[in-house]
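First up is the structure itself, then whatever we jot down about it.
Please read these numbers as outputs of a predicted model, since none were measured by experiment.
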Amino acid sequence: MPELPEVETIRRQLAPRLVGRRLEELEVLDPRWCAPLAPAEVADAVRGRRIEALGRRGKYLLWGLEDDVHLVTHLRMTGTLLYDAPSTPAHTRVRFRLGDGHELLFVDPRRFGTGTVLLGGDALDAHLAARLGVEPLEPGFTAQHLAALARGRRAPVKAFLLDQRRVAGIGNIYADEALHGAGIHPLRPAGALTRGQVAALRDAVVAALEAGIEAKGATIDDFRDPEGAHGSFQDAFQVHRRAGEPCPACGAPVVKFTVAGRGTYACERCQRRPRPRRAA
DNA sequence: GTGATAACCTGGGTGC
DNA sequence: TGCACCCAGGTTATCA
């Protein structure tokens with residue numbers, strides 16, 4: 001499941017190969033990828049333009065093209081970008097042909113991945129601002145800022161972390177790992193965290209994301225980097241997908257339950273379950 | 001405004 | 001072996 005570290009890994013690998021090249025042709029093989037825009041509309045907007053920058057915001061990969069044209073792609077759950085794949089794999093949704101003869105494929109078995117074109121920096125900013133909150137690896141992601149975001153929130157802290165409009169880029173894996181690192185139960189209401197817990201959570205989020213980037217992401221089912229290689233962060237999971245195994249910190253068994261509709265893993269000795277509130 | 005839930009989608013696993 | 005069913009989850013829309 002590509003989250004911030006996986007998208008950042010892709011960005012770092014692709015940037016030297018894409019920036020400065022021309023996007024000769026973009027062939028959308030699955031119209032769903034760019035809906036509601038028509039494939040021809042997207043292809044016409046980007047055809048022949050030089051790639052000036054390859055950025056990332058949250059889990060979005062941002063292609064900055066010349067003339068202030070922006071291609072915004074999202075891998076969602078099972079999307080991957082393959083550079084010069086030896087053959088065209090099943091579930092290839094988009095083909096990017098570069099001016100230097102190389103090729104990039106957007107492969108996505110579950111067809112959740114998306115791409116869209118935005119004309120002008122203002123349109124890009126508005127598009128991202130409507131969807132994404134603070135970038136957790138930027139200086140603005142402080143304990144004070146996180147506390148302000150959480151204030152008054154009754155939703156479980158895990159649901160809060162998964163809400164991209166609050167903090168951008170955290171998905172199911174890194175939410176579980178960060179909450180374990182901070183010793184906070186996923187069901188604790190976000191607004192009920194103490195100042196110390198918020199500070200610990202902020203640090204644990206940053207640590208988990210940085211460790212994920214260092215390991216070139218986590219591969220559970222589908223994630224591969226543009227060269228087709230797997231990440232290794234799954235080997236460092238403390239709790240995620242480790243139900244029944246001993247917690248590396250205390251030895252108590254990791255338990256699995258559902259929060260915000262997502263499979264959630266925690267050590268309920270290190271992460272104390274909040275007591276149910278008594279009715280008034 | 002907030003929180004919960006369904007829908008989208010398909011490969012893989014399980015049970016019969 | 002083949003079939004039906006369930007689960008996984010990021011984002012968006014909808015509802016209470």
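- The phosphate of dG11(B) (OP1 or OP2) has a side-chain N or O of His91(A) nearer than 4.0 angstrom.
- With dG3(B), dC9(B), dT12(C) as the candidates, the nucleotide lying closest to the side chain of Arg166(A) is dG3(B).
- In this structure, of dG10(C), dA4(B), dG9(C), it is dA4(B) that holds the atom nearest to the side chain of Ala155(A).
- If you check dG3(B), dG11(B), dA8(C) against the side chain of Arg154(A), the one that comes closest is dG3(B).
- Asp68(A) and His70(A) share a side-chain donor-acceptor pair at under 3.5 Å.
- Each of dA8(C), dT12(C), dG9(C) was ranked by its minimum atom distance to the side chain of Arg76(A); first place goes to dT12(C).
- Within 6.0 Å of CZ on Arg272(A) lie no more than 12 heavy atoms contributed by other residues, nucleotides or ligands.
- Met77(A) has its CE atom 12 Å from the P atom of dG11(B), to the nearest Å.
- Remark: Arg166(A) is not positioned above the aromatic ring of Phe160(A), lacking an NZ or CZ atom under 6.0 angstrom from the ring centre and at most 45 degrees off the axis.
- When the P atom of dG9(C) is taken as reference, atom CG of Leu162(A) falls 10 Å away, rounded to whole Å.
- Gly261(A) comes within 4.0 angstrom of nothing in the nucleic acid, heavy atoms only.
- In this structure, Arg273(A) satisfies the cation-pi test against Phe257(A), with its NZ or CZ atom closer than 6.0 Å to the six-membered ring centre and inside 45 degrees of the ring normal.
- What separates CD of Glu3(A) from P of dA8(C) is a distance of 15 Å, to the nearest Å.
- At a cut-off of 3.5 angstrom, counting only N and O atoms as typed in the model, there is a donor on one side and an acceptor on the other between the side-chain of Arg110(A) and the base of dA8(C).
- For Arg262(A) and dG10(C), a side-chain-to-base donor-acceptor distance below 3.5 Å is present, hydrogens and geometry of angles not being considered.
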